[in-house]
Amino acid sequence: MADPEKKATDTSPLLVSGGAAPDTAVHTDEFSSLPPSEAEILREQVKLTERNVNFLELFRYTGQFDKLLLILGTISAIAEGCMRPLMTIVFGQITDLFATYTRQVPYDDFYYGHGTLNSTEYYYNTTYESSYNSTESFYYNQTEPAYFNSTMYGFGEFISPDFFQREVNRLTVYLVIIGIADVLLSYFATFLFIDRGEVISARIREKYLEATLRQNVGYFDKVGTGEITSRISADAILIQEGISEKVGYCIANFATLIAGFIVGMVRSYKLALILSSMLALMVVSFSIGSQNMKRSIRRSLSGYSVGGTLAEEVLASVRNVQAFGIQERLALRYDSHLIVTEVYGLRAGICLGIMSGIMWFGIFGADAIAFFTAPMYIQQGELTVGRVVTVLLTITHGAFAMSHIAPHFKAFTSASAAGSKVYSTIDRPSAIDSKDATGSTLSELKGEIELQDIKFIYPSRPNVVVMEDFNLKIPAGKTVALVGASGSGKSTIVGIIERFYKPVRGSITLDGNDITGLNIRWLRSKISLVSQEPTLFSTTVYENVEQGLIGSEYEHASAEEKRQLVIEACKQANAYSFITALPEGFETPVGERGFLLSGGQKQRVAIARAIVSNPKILLLDEATSALDTKSEGIVQEALDRAAKNRTTIVIAHRLSTIKDADLIVVMKRGVIVESGTHNELLEKKSEYYELVQSQKIEKEKKALISGEITSSSSASETDSSSTLEEKFVDSDDEKLEKVKTRVTVKGDSAAFSDIDSAELATVVEEEKEYSTSDLIKFIGGISAPENKYILMGVACSFIQGMSYPALGEFYGHAVQGLQFAFTDPDRMYSQTYTYAGLFIFLAFLLLATTTSAVSLYSYVAQRLVRRIRYQMFRYLLRQDIEFYDRDENTTGVLTMSLARDAQSIDGLSGATFGQIMNSLVNVVSSAVLAIIIAYKLGLVCVACVPLMVLSGFFRFWVLSKFEETVKKSHEASASYACEAAAAIKTVVSLTREDDVLEHYHDTLRSQTLNSRAASRKSAILYGIAQGMQYFITALAFWYGGNLLRVREYGLLEFYIAYMSVIFGAQGAGIVFSFASDMGKARLAASNIKKLFMREPVVDSWSTAGADPQDVQGNLEFKDVVFRYPTRPTVSVLNKLNLTVKSGQYVALVGASGCGKSTTIGMIESFYRPNSGQILLDGVDISTFNVNAYRSHMALVSQEPTLYAGTIRDNVKLGSPEEDISDEAMIEACKQSNIHDFIMSLPDGYETLVGSKGTLLSGGQKQRVAIARALIRQPKILLLDEATSALDSESEKIVQAALDVAAKGRTTIAIAHRLSTIQGADVIYVFDQGVVVEAGTHQELLAKRGKYYELVQMQALEEMQ
């Protein structure tokens, strides 16, 4: 659990860097130091204006058909809401009937069987009789002219028991009819609102994703992918909940309020107006409270969106997190954002508590006012008891209706607050709109590009000028290479040609036309980009390559023609052989972000995607950086062929790949320092010459290559010139380095005969189901620290619930008191005023208890939600890497679960939980009171309540099952949207926006259609539960009338029992209006418990195992066999044997997918071998405590991972000690050649790196990552392509630093650039999961085996 004292504020570094909302990050004086014109260009790229969305605006995307259905739903809800006031009219008639009938017999026979009054005492004298008859004549003639006349219930007439029973039967039938109507109307209203809510929220999701994909790339430098995932999942769900069935409930209750007021006005406008004063108080409190709630909820959502971005970054780089053992530190950082969410969530809860308290005060205050004023009106002959009861019940029902609205009110304010966030993006005008249809196109494109007087500043780092007065002309059809140090502006050129960003000054022309005047989609369709970190999408290999055809002339070609183009492109990119060797060939899924392929395989697929459309302009930003030597040579040859007759811009750190370029431009700090061909620049012996020299492989190897290799080649002249290619492609590229997909373990068991059964158990994990009671105990355990507050809240809820039977008791006695208006006025005033006073007491009591209960529950809820999110995050980071390899555990899905599951628990807490507790106490206490006062009537009516409960429970059950289906489809759509947003540069450069949206639309449409059947079942069950209230009321009247007819009970007993049972029935009905929330909460609790109960094989929480003592750094693999758990039929390591001695520098080389990175993963103990042993200093690493073991090593991976925050935060994350000194940090940065660059920045070590480090170049990110590794002072250093993203100059310095750092420690490096590992003590050459050669650089060259061939591929031409 996080330190409760740990504070976070709205201005914490991560909030400022990640948040887009004004609540978290306000762009005020960021650009004040720049000229106004430049500041405006930068400001428009990042500015996000917060919109204040009112509730009706959430229905912006309703079509005509939707409006028609919503109108029908509204009419149904209004009609359903009018049923209760109709019931009160019938109730008033029955009250007068009962009063008249009971007046005809001695009082003693009716009231408790004792002589409260003597046998000759009657309720009304003749004076009142005449006024009663005349007023009631008017009353009944107005409502039932066919049945009532001036003498029907007159006091001069005797009502026989048979006539009395007939009247009771007739009025009971009316109630049954009202009940049937309510069932049908509730069904239509609920179904229509649920269905349209689903449809409209799906449209909002689509519009949000569409708007997100339109935004300029600078916007994403400020808004993280996690925030986008939160918006499209958690916030969209809040909107859906706010515009679905809850709208129908509230319209119905509002209709009850209005219709009740109208009926009250018709019956007695004076009394109705007096009582409505309390309604006015309630409305005013709602109006003020809702604004405060909305503001707080919006701040709460802003806080979480930043936490969500951090969570997404961390989960996307979980290998890095586990390698450094920084799970707890990142969890605490995540928790710091949850504090912001908690504080504002609690404020919203307190607002709701005060509103609810005032509402209950108004309800009971209205009762008090009624019984203070009614006696006077009755004595004056203006009202009858029946009319008083009718007016009072209609107004009270209206007030109760408002109380039913209150728990749903949070859903509306949350929806509006979420809508403000979502609509702010939807309505944001993009500075560079990828969907803009304006702009011209060129009929004939040559491809000449010219940059003129360019000044460029990144909008997220306005104090750093990247380029100033930059000029470059790229001739059509030529290849221009850009080389230089990291951060010199090479990738920036690609960004502005692709129009990802706007330069603040200058222009870029294409064939003489300013590109800002060209249609942006047309422009991007003519350019293909292969970036430094290639992004693939979670689909098949074939579909990834086919996406390169979007926007091209082949977009609408036949399927066969497309397939031929894809296959040809894959052959050119040297990807065809390894693709066809995959289990499903071209139809093999590549996983999220392509993680099922090795780095080299991903890059080759990305190159195939780039060249498949035969583009006019090709941008290669380190396109071969992730390839092994052999693949690079072959792919480079393919790229050289592809570059013919088209404009090609190449960014390269490996100078061997660009020596044939038509023009080489050497850049330094945004300025061109020299340019020319390879030979021209070498002759100058300046910057380029120095870069070449730093990459030159030792003279001995050159001599060997130029002399011995030549003779070797001629000696084997008879072999095909492609022997090398065939040999390597056929053997090395067939195997995936991480071959992961789900396997169904069934059928022929022989296929798995060699697979350990325990391994299969990890593939298919049994989904355990938990009972509701288990889940309640589980959530109760999580909220245990707040148990005292829960008990205080329950005590307040108990008092609230008891108010219903108290209401029945008070009503009965107060109505009884009104009977003495003319026989004993003093007694009437005394009795009614006494109970009016008790109503006032009840009003103040409920004001206090309701406010306290909702506030307490809100506090508990916010603490619980924060604790669940924090613990979920911790449990997610506890899981081993195998958990993250599974298809169902993508980053998008897990990020959504963090946001959604805790939110679902929150949906059943606070005011909702208070209302449920209140209703449960109400049901039980009302039933008990009814049975005590009139046990026959009570038992019969209470026996019907289970029918309501049963229909409500079935609805809950249906919705619980339905939620599981919905969750899966929501996860799929959210994961897809998250993936698209995370790869925004790739999406827009491929002009895939429409393709992404179409796929997303289809996913949401399928989801909506699947929801419809469950929505129908849910709605009909809700309708039955609602109708049961009227059926129970009808039964109470009918059976009560029978008991009254035979004089078994009097009016007082009937009223108390009736009011108790009816309000109890309403309480039961209210509980199940939350069935949807219950269903979501139950599923969320089940998901959370499953996660908490899962124990990973490699458990970072385990305290078992020894702590490695006096680590020397000797590593040994003994016959290690390994298969990835998600693909147990493919062996990745095949009885691997290798030895690494203490202090040695060992290099692992080989083709992509041969098992090098897997070996690093095994050393890091990410997985356990299927057989064999991995030994550290002679001890099996599986016997060590995993955290203690990992603390002795550091990992620098191929794709560096930084987290939103400052450079200081990121470097210090590497240290096992949280309070590491700045001196140690600076020393680590100096060793990794990043210190000088950091100090050149305006904010130094406090510079924000942005989400995933996007504000730094690839090389800068890599050097920060290396500094983070070196600050650990590790015994074992693991370098997985640690210098792949560095330019030659930085690589040389960093490599020297790494060489120094390697002294005294064991270092294992994976490298494709052989110049970086030629000094290694031992080089292991991998092939298909085994070591085929081992030795020093010279020894392996002398063998003339695989290593020799790899070196040949990388040799630079002879330097003069």
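If you're wondering where the values come from, they're calculated on a predicted model, not measured in any experiment. These numbers come from the heavy atoms of this one structure, side chains and all, not from hydrogens, waters or symmetry mates.
Taking both residues in full, the closest heavy atoms of Val168 and Phe1037 are given as CG1-O, 3.7 Å, listed atom of the first, atom of the second, then distance. Among all heavy-atom pairs drawn from Met282 and Gly362, the shortest one is SD-CA, 3.9 Å. Counting all heavy atoms, side chain and backbone alike, Gly817 lies closest to Met828 at O-CG, 3.2 Å. Smallest separation of non-hydrogen atoms from Ala77 and Ala255: O-CB, 4.4 Å. Taking all atoms of both residues into account, the shortest heavy-atom contact from Val391 to Thr394 is O-OG1, 2.8 Å. Between Thr851 and Gly357 the shortest heavy-atom distance is OG1-CA, 3.6 Å.
Two residues are said to be in side-chain contact when any heavy atoms from C-beta on lie closer than 4.5 Å; Trp1038 and Asn169 meet this criterion. Looking at heavy atoms from C-beta onward, Tyr377 lies in side-chain contact with Ile274 at the 4.5 angstrom threshold. Taking the side chain as every heavy atom from C-beta outward, Met278 and Phe361 approach each other to under 4.5 Å. Between Met359 and Thr850, every side-chain heavy-atom pair lies at or beyond the 4.5 Å cut-off. Residues Leu846 and Phe364 are in side-chain contact: their nearest non-hydrogen atoms beyond the backbone lie under 4.5 Å apart. Looking at heavy atoms from C-beta onward, Leu929 lies in side-chain contact with Ile933 at the 4.5 angstrom threshold. Within the 4.5 Å cutoff, no side-chain heavy atoms of Lys246 are placed close to those of Phe193. At least one side-chain heavy atom of Pro161 sits less than 4.5 Å from a side-chain heavy atom of Arg1045.
Classification of Lys270 and Glu382 as a salt-bridged pair holds, one side-chain N sitting under 4.0 Å from a carboxylate O.
Ring pair Phe98/Phe164: centre-to-centre distance below 6.0 Å.
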Return a table of donor-acceptor pairs under 3.5 angstrom between the side chains of residues 833-845 and protein atoms on other chains or two or more places apart.
from: Thr834; atom 1: OG1; to: Ser830; atom 2: O; distance (Å): 2.6

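The CD1 atom of Ile1056 lies 11.0 Å from the CD1 atom of Ile932; values are rounded to the nearest 0.5 Å. To the nearest 0.5 Å, atoms OG1 (Thr190) and CZ (Arg1016) are separated by 14.0 Å. To the nearest 0.5 Å, atoms CZ (Arg170) and CD (Gln93) are separated by 6.5 Å. Atom CG of residue Asp367 and atom CZ of residue Phe372 lie 12.0 Å apart, to the nearest 0.5 angstrom. A distance of 8.5 Å separates CG of Asp182 from CZ of Phe1031, quoted to the nearest 0.5 Å. Interatomic distance, CD1 of Ile363 versus CG of Leu275, reported as 12.5 Å (0.5 Å rounding).
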side-chain contact (heavy atoms from CB on, under 4.5 Å), that's the test. Do Val921 and Gln800 meet it? Break it down for me. CA-CA 8 Å; Val921 174; Gln800 279 183 279; over 6 Å; no
I would like to know whether Met802 and Ser925 meet side-chain contact (heavy atoms from CB on, under 4.5 Å); could you show each step before the answer? CA-CA 6 Å; Met802 291 300 292; Ser925 58; 3.3 Å; yes
Residue pair Tyr1030, Arg84: steps toward the side-chain contact (heavy atoms from CB on, under 4.5 Å) verdict: CA-CA 9 Å; Tyr1030 296 98; Arg84 192 158 280 117; 3.8 Å; yes
CA sep, side-chain torsions, deciding dist, call: Tyr249, Gln1026, side chain to side chain donor-acceptor pair (under 3.5 Å): CA-CA 11 Å; Tyr249 301 155; Gln1026 290 298 99; over 6 Å; no
Carefully, step by step, assess Leu273 and Met265 under the rule side-chain contact (heavy atoms from CB on, under 4.5 Å). CA-CA 7 Å; Leu273 286 173; Met265 289 290 287; 3.9 Å; yes
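Looking only at atom types and distance, the side chain of Ser797 has a donor-acceptor partner in the side chain of Tyr857 under 3.5 Å away. A donor atom on one side chain and an acceptor atom on the other are not found under 3.5 Å apart for Glu80 and Tyr187.
In this structure, Ser186 contributes its side chain and Val183 its backbone to no donor-acceptor pair below 3.5 Å. For the pair Ser852 (side chain) and Thr849 (backbone), a donor-acceptor distance under 3.5 Å is absent. For the pair Thr256 (side chain) and Ala252 (backbone), a donor-acceptor distance under 3.5 Å is present.
Counting non-hydrogen atoms of neighbouring residues, nucleotides and ligands closer than 6.0 angstrom, the CZ atom of Phe254 reaches no more than 12 such neighbours. Within a 6.0 Å radius of CZ in Phe798, other residues, nucleotides and ligands contribute 12 heavy atoms or fewer.
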